[in-house]
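One structure is given below, encoded as structure tokens.
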Protein chains: 2
Amino acid sequence: MKIAEASRRFDLSADTLRYYERVGLIPTVNRTASGIREYSEEDCRWIGFIKCMRAAGLPIEVLIEYVSLFQKGDETTEARKALLVGQRDLLEARMVDMQGTLGRLNQKIERYEQLVVPAENDLK
Amino acid sequence: MKIAEASRRFDLSADTLRYYERVGLIPTVNRTASGIREYSEEDCRWIGFIKCMRAAGLPIEVLIEYVSLFQKGDETTEARKALLVGQRDLLEARMVDMQGTLGRLNQKIERYEQLVVPAENDLK
DNA sequence: CTATCACCTGGACCTGACTCCAAGTCAAGT
DNA sequence: ACTTGACTTGGAGTCAGGTCCAGGTGATAG
């Protein structure tokens, strides 16, 4: 699959896919004889994984570190696991925070409803 | 309360507090005769609110819009409510996404555990 | 055989959200 | 009177994370 199709499939611009590869967010993609990127299914799994992690807010730097560990082979499994555990814990913490914000937002919205509904009743 | 104390209280740098005021993320803070900011309790409530919303990822632009509507008075309550509802829905959507990512992360971590535990047993 | 089209590279540019700095003012302590 | 320290402003700089562009190459259609 060439870059245009990968771009459609993951809804990421071709520029972004090239950028991800350039900075090491996904492993190097193989090329055809004339230098065109040919995305394999494994490449696609990486893209999917990275897109998902980025959407949840994991920093690029950390993901680059993960890919780099991955490419160093089996001696790095412990380090990779530790990295994932760390990021999971951060993610959970952020979700707790967001839950709090959500509650606060809902309270504020309720207070607006108590203001707006009586105003609407006045019109009747 | 002067800027240094507000800074300590909210764990935001003085520069950030001035920046927030400058761009309209919090309403204008009153000054002493010699031009020093004097944060009132209401100012503090704004700062707390904004800090909470920013931590959950609401964009500055949207929050500026909210403050601006607030300052236009009672005719804008509907618009303010709509803004909050919109942001709440976005927040909920992001949390659903993050929940998915969390699951994926946990699966990956589990697979690392199945690799690492047998390796540890070998050492016995 | 040439025009088109998708692709390539390197590097400049952009946005969001701060962060830092120089130069100046003011109040309080010695 | 002078030094110190917290404050002020305007403007430049920084960082993450892309995004855009000019100039070039290679395959394919007419």
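Here the structure is a predicted model, which means the values were calculated and not measured.
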Protein-nucleotides 1-4 of chain C N/O pairs closer than 3.5 Å?
none

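Evaluation of the side chain to side chain contact (heavy atoms under 4.5 Å, CB included) rule for B:Lys2 yields B:Ile36, B:Glu38 as partners, not counting sequence neighbours. Annotation: side-chain hydrogen bond (donor to acceptor under 3.5 Å, both in side chains) contacts of B:Thr28 (sequence neighbours excluded): none. The salt bridge (charged side-chain N to carboxylate O under 4.0 Å, His left out) test applied to A:Asp15 returns A:Arg18, not counting sequence neighbours. Every side chain to side chain contact (heavy atoms under 4.5 Å, CB included) that A:Asn106 has, sequence neighbours left out, goes to A:Leu102, A:Ile109, B:Arg88. A search for side-chain hydrogen bond (donor to acceptor under 3.5 Å, both in side chains) contacts involving A:Ser13 returns A:Thr16, not counting sequence neighbours. Applying the side chain to side chain contact (heavy atoms under 4.5 Å, CB included) test to B:Glu41 and every residue at least two apart in sequence or in another chain returns B:Met1, B:Arg9, B:Cys44, B:Arg45. Remark: A:Glu21 pairs with A:Arg37 by the side-chain hydrogen bond (donor to acceptor under 3.5 Å, both in side chains) rule, at least two apart or across chains. Evaluation of the side chain to side chain contact (heavy atoms under 4.5 Å, CB included) rule for B:Val23 yields B:Tyr19, B:Leu25, B:Ile64 as partners, not counting sequence neighbours. Scored by the ring-ring contact (aromatic ring centres under 6.0 Å, His included) test, B:Tyr20 finds no partners at all (sequence neighbours excluded).
Within residues 34-62 of chain B, the residues that place at least one heavy atom under 4.0 Å from DNA chain D are, in residue-number order, B:Gly35, B:Ile36, B:Arg37.
Chain A approaches DNA chain D over the interval D:dG17 to D:dA27, counting the first and last nucleotide 5' to 3' with an atom under 4.0 Å from its heavy atoms.
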